[in-house]
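One structure below.
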Amino acid sequence: MACTKEYSFETGKGYSGTAIGSLQDTAGNCQNVYVNGTYLVDSVLTDSNYIVVTANIISPGKYYIFTDTVNGFWFYDSSIVLSTGTQTIKLKGYGKPILPIDANFTVTFGSSVCQFTIPYNTSVIGNYFPTTVGSYWTYNDSQLNDTITTHVLPIVDTVTNTGQSYAVFTDRLGDTALYRRSGNTYYTYGLLYPDNSSVPVEYAFLKAGVPAGTSWDSPIVTAIVANQTIKVKYHFTLLGSGLTASYNGNNFTNVIKVQLDIQALVPPTINYATAQTSFFYYAKGVGLIAIEVPGSTTVMPYNSTITQWKVN
């Protein structure tokens with residue numbers, strides 16, 4: 001929902017009063033903020049520049065959700081929410097970036113506040129994860145001891161929770177995955193922990209054009225393991241860009257290497273511990289070319305390397 005009209009709020013519940021809710025989940029964790037658009041110095045924001053927040057509505061009514069002004073631009077939306085429960089709300093962007101820097105925002109709804117960052121995008125620097133219909137990638141899979149091919153289906157899946165549309169990937173095992181791109185950031189929507197006790201979320205799995213050493217986290221989800229509630233998140237680190245790699249007789253340049261640490265917080269500990277580390281390689285104009293999982297005392301080694309592909 002997007003609207004530029006401002007309301008003079010009234011007190012009390014109901015549609016004539018102010019909506020009551022929070023940007024945090026029931027555990028008090030800030031919910032993910034989805035960023036759309038490219039943000040360039042001296043470029044006035046357009047309709048493609050917006051964020052999507054998730055709010056838990058306790059009482060319907062008029063709302064005003066807004067950010068502070070950072071580096072010359074800001075976001076807000078004012079409208080009416082008609083029902084309780086989890087709602088996704090789009091906040092339109094205004095102004096224009098002044099400096100080529102990352103922008104760290106605070107978003108406010110009632111008494112709840114959360115933070116998010118919009119990295120500065122100098123330009124869209126090429127496609128490191130194509131999602132064009134009819135494209136495919138075939139890999140040697142060490143777990144299957146066979147090849148497996150991933151296809152992009154001729155459909156688009158729109159997810160209500162995020163308000164975003166995704167390309168649908170599938171393989172012969174019947175597994176599907178959802179992907180989208182915004183500027184130089186690539187997102188997927190799915191489970192962090194493969195169990196019905198957790199819920200799917202959107203998270204960035206690749207950021208192109210950022211310096212080596214840049215890291216970011218997925219949203220935190222809860223899961224039940226052995227009758228115990230734990231918290232799980234993905235921690236990503238970009239290890240390098242402009243790399244070269246060779247797999248199965250294929251040579252690649254302009255490769256990005258990303259480290260993924262799957263981290264868990266298990267009570268009564270207070271710090272996240274890494275349960276598994278994986279390395280992902282993406283080539284410009286091709287997409288994912290390899291996955292490497294080093295073996296450990298608790299994790300079997302695994303690798304998947306590209307053999308052939310077609311990008312439409």
Within the distance-only criterion (no hydrogens, no angle test), does the side chain of Y139 pair as donor or acceptor with the backbone N or O of L288 below 3.5 angstrom? yes
Within a radius of less than 6.0 Å around CD of Q115, do more than 12 heavy atoms belonging to other residues, nucleotides or ligands occur? yes
Nearest 0.5 angstrom please: K310 NZ to Y136 OH, how far? 6.5 Å
Please tell me whether Y94 and Y76 form a close aromatic pair, meaning their ring centres lie under 6.0 Å apart. yes
May I have the step-by-step check of side-chain contact (heavy atoms from CB on, under 4.5 Å) for R172 and D146, ending in yes or no? CA-CA 12 Å; R172 63 178 170 83; D146 197 358; 3.3 Å; yes
Looking just at side-chain N and O atoms, do Y302 and D141 make a donor-acceptor pair shorter than 3.5 Å? yes
For V299, enumerate each residue passing the side-chain contact (heavy atoms from CB on, under 4.5 Å) test, keeping only those at least two apart in sequence or located in another chain. Q276, V293, S296
Please find out if less than 6.0 Å separates the ring center of F129 from that of F205. yes
Could you check whether any side-chain N or O of N71 sits under 3.5 Å from a backbone N or O of L99, counting only pairs where one atom can act as donor and the other as acceptor? yes
Can you tell me if S218 uses its side chain to pair, donor with acceptor, with the backbone of Y234 under 3.5 Å? yes
Closest heavy-atom pair, N161 versus T54, reported as atoms and distance to 0.1 Å, is O-OG1, 4.1 Å
So which atom in N127 and which in P130 form the shortest heavy-atom distance, rounded to 0.1 Å? OD1-N, 3.3 Å
Contact summary for V52 and T162, nearest pair of heavy atoms: CG1-O, 3.6 Å
Is there a donor-acceptor contact under 3.5 Å linking the side chains of T253 and T244? no
Looking at side-chain heavy atoms only, is the closest gap between C114 and Q31 below 4.5 Å? no
Starting at CD1 of I220, measure out to CG of L265 and round the result to the nearest 0.5 Å. 8.0 Å
If you round to the nearest 0.5 Å, how far is OH of Y63 from CD1 of I89? 4.5 Å
Just by modelled atom types, is the Y128 backbone N or O under 3.5 Å from a matching donor or acceptor in the Y186 side chain? yes
Of all heavy-atom pairs linking T277 and P294, the shortest is O-CD, 3.4 Å
Check whether the side chains of T305 and N248 place a donor and an acceptor atom closer than 3.5 Å, and report yes or no. yes
W216 (side chain) donor-acceptor with L238 (main chain) under 3.5 angstrom: no
Check: T149 main-chain N/O paired with T138 side-chain donor or acceptor under 3.5 Å: no
Among I224, V225, T222, I262, find the residue that satisfies the side-chain contact (heavy atoms from CB on, under 4.5 Å) test when tested with Y193. V225
Specify the closest pair of heavy atoms between I289 and Y282, including all atoms of both residues, with the distance to one decimal. CG1-N, 4.4 Å
Quick one: does T84's side chain have a donor or acceptor within less than 3.5 Å of a partner on I58's backbone? no
Taking the six-membered ring for Trp and the single ring otherwise, decide whether the centroids of Y34 and Y189 are under 6.0 Å apart. no
Angle between ring planes, F75 versus F73, binned at 30° and 60°: parallel, tilted or perpendicular? perpendicular
Without hydrogens or angle criteria, can the side chains of T237 and S215 be said to hold a donor-acceptor pair below 3.5 Å? no
Give, for atom CG of N56 and atom OG of S22, the distance between the pair rounded to the nearest 0.5 Å. 6.5 Å
Does a side chain donor of either N251 or S246 reach within less than 3.5 Å of an acceptor in the other side chain? yes
Nearest-0.5 Å distance that lies between atom CG in N140 and atom OG in S304: 8.0 Å
Whether K231 engages the ring of Y272 as a cation-pi pair (distance to the six-membered ring centre under 6.0 angstrom, angle to the ring normal within 45°) should be assessed. no
Taking the six-membered ring for Trp and the full ring for Phe, Tyr or His, determine whether the centres of Y247 and W309 are under 6.0 Å apart. no
With a distance cut-off below 6.0 Å to the six-membered ring centre and an angular limit of 45° from the axis, does K207 pair with F236 as a cation-pi contact? no
Can any side-chain N or O of D261 pair as donor or acceptor with the backbone N or O of Q263 at less than 3.5 Å? no
Exercise: identify the closest heavy-atom pair between N49 and T38: ND2-O, 3.0 Å
Strictly distance-based, threshold 3.5 Å: is any side-chain N or O of N36 a donor or acceptor partner for the main-chain N or O of S48? yes
Taking atom CZ of F105 and atom OG1 of T69, what is their separation to the nearest 0.5 Å? 7.5 Å
What residue among Y166, Y187, Y203, F169 forms ring-ring contact (aromatic ring centres under 6.0 Å, His included) with Y179? F169
Scan side-chain atoms only and decide if T132 and S135 contain a donor-acceptor pair under the 3.5 Å cut-off. yes
Should the pair K92-D77 be classified as a salt bridge under the 4.0 Å nitrogen-to-oxygen rule? no
I'd like to check the salt bridge (charged side-chain N to carboxylate O under 4.0 Å, His left out) partners of D175; sequence neighbours left out, ordered by chain and number. none
Can you check whether L144 reaches L173 side chain to side chain, under 4.5 Å on heavy atoms? yes
